[in-house]
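Each remark here refers to the structure printed beneath this line.
In what follows, chains carry the letters A, B, and so on, assigned in the order in which the sequence lines appear, proteins first and then strands, with residues in each chain numbered from 1. These numbers come from a predicted model, not from an experiment.
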There are 2 protein chains.
Amino acid sequence: MSDFATFSAGYRVAQMARLFEQALAEALRPHGLTPGQFPTLLALWHRDGQTQAELVREIGIEQPTLALTLSRMERDGLITREPNPADSRSRIIHLTRHARSLKEDAIAAAASVNARALAEIEDEEAELFMDLSARIVSTLRERTD
Amino acid sequence: MSDFATFSAGYRVAQMARLFEQALAEALRPHGLTPGQFPTLLALWHRDGQTQAELVREIGIEQPTLALTLSRMERDGLITREPNPADSRSRIIHLTRHARSLKEDAIAAAASVNARALAEIEDEEAELFMDLSARIVSTLRERTD
DNA sequence: AGTGTTTAAATAGCATGCAATGCGATTGCG
DNA sequence: CGCAATCGCATTGCATGCTATTTAAACACT
């Protein structure tokens, strides 16, 4: 483990991400949702009726990843994909009534995971953490974008 | 995106983790290695000849996840799995000569990813980030462990 | 010795993520 | 207008991660 010292940031972050995902999975399970669906749901709760390409830009994952997630969400009765009269290449994604009804509970569940994760650190520290994370994200993005 | 505010920590961390993984994948690719193999390699570079169960404890992933990673590493000529004379349920994992030869370069590649990720933040900030991350990790672990 | 429990691995099934391709629809430009 | 380039999406193939289950071996305790 001592060897980890030089590059433990990546390891630590990966570990944190897995724990967050597991906690979110547990919190969302009672509502029949999974962590991977959550960003898409947030985007559609915010503005229903977007195309896949719009969602990809908003969520920041690759298009094939979203395509598969949307298929699972369609299978699970969370969304429908309607033809787009303005451009027949794309389709308009709509939430089902059921998905709309889950908004409050799901957001509360996710918020509580976050609150729990940050429970042991002070508010200013949490802010600092978010700030540093944002800076690391943009640094890592530079070369790839 | 405004809705993200309340629970953006999990989202931010997930995003960071994906960027780290992608950067590490790119850095390791020339050496024929993948990010998921790296923790196992570190553990075996540190001490060769461990069992799967020992590695699981050390690395902190689930046993089936490691089993599959080890299969891929075996397929790729990085490890061998020898019978354990002391306990025929388990097998002793050994690095191949080739995997041993990759140590310096792979560690340098991973370290450079880390250095790049942290390039834009001060040393004390990086330390703080690591500390806060560690505290979030142990908080999230509490309920599940 | 014999049986029940624990332990080590393997396997099945699933969710997310990626890169690379293919394909039809649209757009832009000569 | 017509063709080339671009765009939107689907699909394929792969890597990682998880949970749940199975199998065999080792242990423990009567």
(request) Please state whether the phosphate of dT16(C), meaning OP1 or OP2, lies under 4.0 angstrom from any side-chain nitrogen or oxygen of Thr65(A). (result) no
(message) Taking any heavy-atom pair under 4.0 Å as a contact, classify Arg72(B): base, sugar-phosphate, or nothing.
(response) base
(message) How many whole angstroms separate atom CD of Gln15(B) from atom P of dC18(C)?
(response) 11 Å
(request) Write down the distance between CD (Glu62(A)) and P (dA19(C)), rounded to a whole number of angstrom. (result) 5 Å
(request) Using atom types as modelled and distance alone, determine if a side-chain donor or acceptor of Arg29(B) lies under 3.5 Å from a backbone N or O of Thr34(B). (result) no
(message) On DNA chain D, compare the nucleotides closest to Asp87(A) and Ile61(B); which residue's is nearer the 5' end?
(response) Asp87(A)
(request) Respond yes when some side-chain nitrogen or oxygen of Arg18(B) is under 4.0 Å from OP1 or OP2 of dC18(C), and no when none is. (result) yes
(request) Would you indicate, yes or no, if dA26(D) has its OP1 or OP2 atom less than 4.0 angstrom from a side-chain nitrogen or oxygen of Ser88(B)? (result) yes
(message) Side chains of Glu82(B) and Thr80(B): any donor to acceptor distance under 3.5 Å?
(response) yes
(message) Rounded to whole Å, please give me the gap between CD in Gln52(B) and C1' in dA24(D).
(response) 14 Å
(request) Indicate, with a heavy-atom threshold strictly under 4.0 Å, whether Thr51(B) touches base, sugar-phosphate, or nothing. (result) sugar-phosphate
(message) So does Tyr11(B) get a backbone contact from the side chain of Ser8(B), meaning a donor-acceptor N/O pair under 3.5 Å?
(response) no
(request) Consider the side chain of Ser90(A), meaning its heavy atoms from C-beta on, and name the nucleotide among dC9(D), dA15(D), dA10(D) that approaches it most closely. (result) dC9(D)
(request) Answer yes when Asp131(B) and Arg135(B) have at least one side-chain N-carboxylate O distance shorter than 4.0 Å, and no when they do not. (result) yes
(message) Please report the distance, rounded to the nearest Å, between CE in Met73(A) and P in dA10(D).
(response) 14 Å
(request) Would you classify Thr69(A) as touching base, sugar-phosphate or nothing, given that sugar-phosphate means primed atoms plus P, OP1 and OP2, and contacts are heavy atoms under 4.0 Å? (result) nothing
(message) Is the ring pair Phe38(A)/Trp45(A) parallel, tilted or perpendicular, if the boundaries are 30 and 60 degrees?
(response) perpendicular
(request) Would you indicate, yes or no, if dT19(D) has its OP1 or OP2 atom less than 4.0 angstrom from a side-chain nitrogen or oxygen of Arg29(A)? (result) no
(message) On the nucleotide dA15(D), are OP1 or OP2 found under 4.0 Å from the side-chain N or O atoms that Arg75(B) carries?
(response) yes
(request) Ignoring backbone atoms, test whether Ser71(A) places a side-chain nitrogen or oxygen under 4.0 Å from the OP1 or OP2 oxygen of dA10(D). (result) no
(message) Tell me the interatomic distance from Leu24(B), atom CG, to dC18(C), atom P, rounded to whole angstroms.
(response) 15 Å
(request) Pick base, sugar-phosphate or nothing for Pro64(B), based on heavy-atom distances below 4.0 Å to the nucleic acid. (result) base
(message) Among dA10(D), dT16(C), dG8(D), which nucleotide has an atom closest to any side-chain atom of Pro35(A)?
(response) dT16(C)
(message) Could you check whether the side chain of Gln63(B) and the base of dA8(C) have a donor-acceptor pair of N or O atoms closer than 3.5 Å, going by distance alone?
(response) no
(request) Please state how far atom OH in Tyr11(B) lies from atom C1' in dT16(C), giving the value in whole angstrom units. (result) 15 Å
(message) Counting only side-chain nitrogens and oxygens, does Gln22(A) get under 4.0 Å of the OP1 or OP2 atom of dG17(D)?
(response) no
(request) Ignoring hydrogens and angles, answer whether the base of dT26(C) and the side-chain atoms of Arg89(A) contain a donor-acceptor pair closer than 3.5 Å. (result) no
(message) Could you check whether Arg81(B) pairs with Glu74(B) (Lys NZ or Arg NE/NH1/NH2 to Asp/Glu carboxylate O, under 4.0 Å)?
(response) yes
(request) Measure the distance from CG on Leu66(A) to P on dT11(D) and round it to the nearest whole Å. (result) 14 Å
(request) Give the nucleotide from the list dT16(D), dA15(C), dA10(C) with an atom nearest to the side chain of Leu68(B). (result) dT16(D)
(request) Write down the distance between CG (Leu28(A)) and C1' (dA15(C)), rounded to a whole number of angstrom. (result) 13 Å
